[in-house]
Amino acid sequence: QVQLVESGGGSVQAGGSLRLSCTASGSIFSINVMAWYRQAPGKQRELIARITSEGMTTYADSVKGRFAISTDNAKNTVYLQMNGLRPEDTAVYLCNENLRLNRLGPTYIYWGQGTQVTVSS
């Protein structure tokens, strides 16, 4: 059974920084894509950053230049460094991974449980 466990959320003032972590555990053969989403109350879930196994990154325009996604493949961990936080960044942040459980099997999508980030003005 694969589990994704997030940590690092919290409350900060505008302009502050947080670093989120998401570690995958279980019998994993390979991870193709790791991503961070966020969902604010009353809004749709939004993809904000993703990184492929080749290291290619993409960001939502709303976070470009402020957030950075990175990985520690040896630890099956993806990070989201968030700088210059704004009140509109307040949301539940969820990690998402596209992975294989074995070499010939299909890919699966797993989600973390989410971590709350609150930014006050």
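Please read all numbers here as calculations on a predicted model, not as lab measurements.
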J.: Does a side-chain heavy-atom distance below 4.5 Å link Leu99 with Tyr110?
T.: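 Sidechains of Tyr110 and Leu99: in contact.
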J.: For the residue pair Met34 and Cys22, establish whether any side-chain heavy-atom pair is separated by less than 4.5 Å.
T.: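 The answer is no; the side chains never approach within 4.5 Å.
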J.: Does Val12 belong to the same Ile/Leu/Val/Met/Phe/Trp/Tyr cluster as Val117, with side-chain heavy atoms less than 4.5 Å apart forming each link?
T.: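 Val12 clusters together with Val117.
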J.: Might you confirm whether atom CD of Gln3 has over 12 heavy atoms from other residues, nucleotides or ligands at distances under 6.0 Å?
T.: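 No - once you tally the heavy atoms of other residues, nucleotides and ligands closer than 6.0 Å, there are 12 at most.
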J.: Between Val92 and Gly114, which heavy-atom pair has the shortest distance, and what is it?
T.: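 For Val92 versus Gly114, the nearest heavy atoms are CG1-CA, 3.8 Å.
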J.: Is a donor from one side chain sitting under 3.5 angstrom from an acceptor on the other, for Thr77 and Thr23?
T.: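 Side-chain D/A pair, Thr77 to Thr23: present.
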J.: Using every non-hydrogen atom in the two residues, find where Ile48 and Tyr93 come nearest and quote the distance to one decimal.
T.: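 The pair with the smallest heavy-atom distance is CD1-CE2, 3.4 Å.
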J.: Establish, yes or no, whether the cationic atom of Arg19 lies under 6.0 Å from the six-membered ring centre of Tyr79 and within 45° of the ring axis.
T.: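 Verdict for Tyr79: a cation-pi partner in Arg19.
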J.: Tell me whether Tyr59 contacts the main-chain N or O of Ile69 through its side chain, where contact means a donor paired with an acceptor under 3.5 Å.
T.: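 Yes: the side chain of Tyr59 pairs with the backbone of Ile69.
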J.: Give, for atom CG of Leu18 and atom CG of Asn83, the distance between the pair rounded to the nearest 0.5 Å.
T.: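 Interatomic distance, Leu18 CG to Asn83 CG, rounded to 0.5 Å: 9.5 Å.
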J.: Between the side chain of Arg66 and the main-chain N/O of Gly84, is any donor-acceptor distance below 3.5 Å?
T.: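 Yes, because the side chain of Arg66 sits within donor-acceptor range (under 3.5 Å) of the backbone of Gly84.
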J.: Going by atom types only, do Asn32 and Ser53 share a side-chain donor-acceptor pair under 3.5 Å?
T.: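 Note: Asn32 and Ser53 side chains miss the donor-acceptor criterion.
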J.: Tell me the closest heavy-atom pair linking Ile51 and Ser70, and the distance in Å.
T.: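 The answer is CD1-CA, 4.4 Å.
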J.: Does Thr90 reach the main-chain N or O of Val119 with its side chain, forming a donor-acceptor pair under 3.5 Å?
T.: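 Yes, Thr90 side chain to Val119 backbone: donor-acceptor pair under 3.5 Å.
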J.: For Arg86 and Asp89: C-alpha separation, side-chain torsions, deciding distance, then whether salt bridge (Lys or Arg N to Asp or Glu O under 4.0 Å) applies.
T.: CA-CA 5 Å; Arg86 305 167 180 168; Asp89 294 319; 5.3 Å; no
J.: Rounded to the nearest 0.5 Å, how far apart are OG of Ser30 and CZ of Arg103?
T.: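 With rounding to 0.5 Å, OG (Ser30) is 11.0 Å from CZ (Arg103).
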J.: Which value, rounded to the nearest 0.5 Å, describes the distance between Glu88 atom CD and Ser62 atom OG?
T.: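 Rounded to the nearest 0.5 Å, the CD-OG separation comes out at 9.0 Å.
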J.: Where is the tightest heavy-atom contact between Ala40 and Ala91, given as atom of each residue plus distance?
T.: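 In terms of heavy atoms, the two residues are closest at N-CB, 3.8 Å.
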J.: Can you find a pair of side-chain heavy atoms, one from Thr115 and one from Leu20, that are under 4.5 Å apart?
T.: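 When only atoms from C-beta onward are counted, Leu20 and Thr115 do touch, with a gap below 4.5 Å.
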J.: Is any side-chain heavy atom of Val78 closer than 4.5 Å to one of Glu97?
T.: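 A side-chain contact exists here, since the closest heavy-atom pair is under 4.5 Å.
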J.: Honestly curious: do Tyr108 and Ile28 fall in one hydrophobic cluster under the side-chain, below-4.5 Å linking rule?
T.: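 Looking at the clustering, Ile28 is in the same group as Tyr108.
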J.: Are Leu94 and Arg38 close enough that some pair of their side-chain heavy atoms sits under 4.5 Å apart?
T.: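 Sidechains of Arg38 and Leu94: no contact.
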J.: Which value, rounded to the nearest 0.5 Å, describes the distance between Asp72 atom CG and Ser21 atom OG?
T.: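 One gets 10.0 Å once the value is rounded to the nearest 0.5 Å.
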J.: Roughly how far apart are Met82 CE and Ser17 OG, rounded to 0.5 Å?
T.: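 It comes to 8.5 Å.
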J.: To the nearest 0.5 Å, what is the distance between CZ on Arg50 and CG on Asn98?
T.: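 Interatomic distance, Arg50 CZ to Asn98 CG, rounded to 0.5 Å: 8.5 Å.
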J.: Provide the closest heavy-atom pair for Ser120 versus Pro87 in the form atom of the first, atom of the second, distance.
T.: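 That would be C-CG, 4.4 Å.
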J.: With heavy-atom distances below 4.5 Å as the criterion, would you say the side chains of Phe29 and Leu101 are in contact?
T.: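 A side-chain contact is absent here, since even the closest heavy-atom pair is not under 4.5 Å.
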J.: Indicate whether any N or O donor in one side chain lies under 3.5 Å from an N or O acceptor in the other, for Tyr37 and Arg45.
T.: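 No donor-acceptor contact under 3.5 Å links the two side chains.
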J.: What is the minimum heavy-atom distance between Glu46 and Ala60, and which atoms define it?
T.: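 Answer, listing the atom of Glu46 first, then Ala60: OE2-CB, 4.2 Å.
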J.: Can you check whether Gln113's main-chain N or O pairs, donor with acceptor, with Glu6's side chain at less than 3.5 Å?
T.: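 Such a contact is found between Glu6 side chain and Gln113 backbone.
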J.: Are the side chains of Lys75 and Asn73 in touch, meaning some heavy atoms are under 4.5 Å apart?
T.: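 No, too far: nothing below the 4.5 Å cut-off.
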